[in-house]
Amino acid sequence: MFFQKKTEDKEVVVSKEIQKFLLDGETIEQSLGFFDNIYLTNMRVIFQESNLIAKDGITKELVFIPLSKIDGVSYIETRNLGFDRIIKIKTRGFSHEIKFGRNNVDKAADFCKLICEKILKLEK
């Protein structure tokens, strides 16, 4: 279901389901998550959310947000028992978030910083 992809001396975990949605020339630069995942490509941010619904089993939702449409990025720290880091992406129409556990604290902060850097480069 997942495989490792080497990108500029970094190992990036990529879902095979995500691969089929990549556009021509699009490459995944960073990924983070376990059950729910967030991917940063050279063109957009992709959220992959899995939900357990009693009658339907596991459903997966993919949300694609072009980097040029992102208005803001939030990094939220909470004192929740399970997930205590949240990255929230804001656009004009909505906001979307993904939660991370304590074992991904540093990675979540780095991921948020990387998104911000890419957005700022677009504005130049």
message: Once rounded to the nearest 0.5 Å, what's the spacing between atom CZ of Arg85 and atom OG1 of Thr78?
response: 7.0 Å

field: Closest approach of Ala108 to Phe100 (non-hydrogen atoms, all atoms of both residues)
entry: CB-CD1, 3.8 Å

- request: Just grab all the salt bridge (Lys or Arg N to Asp or Glu O under 4.0 Å) pairs involving residues 39-50, residues at least two apart or on different chains.
  value: Glu26-Arg44

message: Does Ile46 form a side-chain contact (heavy atoms from CB on, under 4.5 Å) with Leu22? I'd like the steps, not just the answer.
response: CA-CA 10 Å; Ile46 303 171; Leu22 294 179; 4.3 Å; yes

field: Spacing of CD1 belonging to Ile38 relative to CD1 belonging to Ile115, to within rounding of 0.5 Å
entry: 4.5 Å

field: Residue pair Tyr39 / Ser31: nearest heavy atoms and the distance that separates them
entry: CD2-CB, 3.5 Å

Atom pairs and distances, side-chain donor-acceptor, residues 66-74, under 3.5 Å, sequence neighbours left out:
residue : atom : partner : partner atom : Å
Asp71   : OD2  : Arg92   : N            : 3.0
Ser74   : OG   : Lys90   : NZ           : 2.8

Co-membership, hydrophobic cluster, residues Ile65 and Leu120, 4.5 Å side-chain: no

message: Pair Ile86, Ile98 - check side-chain contact (heavy atoms from CB on, under 4.5 Å), show working.
response: CA-CA 6 Å; Ile86 301 169; Ile98 188 164; over 6 Å; no

- request: Side-chain contact test, heavy atoms from C-beta onward, threshold under 4.5 Å: evaluate it for Leu40 versus Ile28 and give yes or no.
  value: no

message: Distance check, rounded to the nearest 0.5 Å: Cys116 atom SG versus Lys121 atom NZ?
response: 12.5 Å

- prompt: Is any side-chain heavy atom of Val45 closer than 4.5 Å to a side-chain heavy atom of Phe64?
  reply: no

- prompt: Is a donor on one side and an acceptor on the other found under 3.5 Å between the side chain of Asn37 and the backbone of Gln48?
  reply: no

task: Using a 4.5 Å cut-off on heavy atoms from C-beta on, say whether the side chain of Lys88 contacts that of His96.
output: no

query: Can you list every salt bridge (Lys or Arg N to Asp or Glu O under 4.0 Å) pair that touches residues 31-41, not counting sequence neighbours?
result: none

- prompt: Other than Leu23, which residues form its hydrophobic cluster under the rule that side-chain heavy atoms must be closer than 4.5 Å?
  reply: Met43

query: For Tyr75, what residues pass the ring-ring contact (aromatic ring centres under 6.0 Å, His included) criterion, not counting sequence neighbours?
result: none

message: The criterion is salt bridge (charged side-chain N to carboxylate O under 4.0 Å, His left out); which residues satisfy it with Lys113, sequence neighbours excluded?
response: none

field: Side chain to side chain, Ile87 and Phe111, heavy atoms closer than 4.5 Å
entry: yes

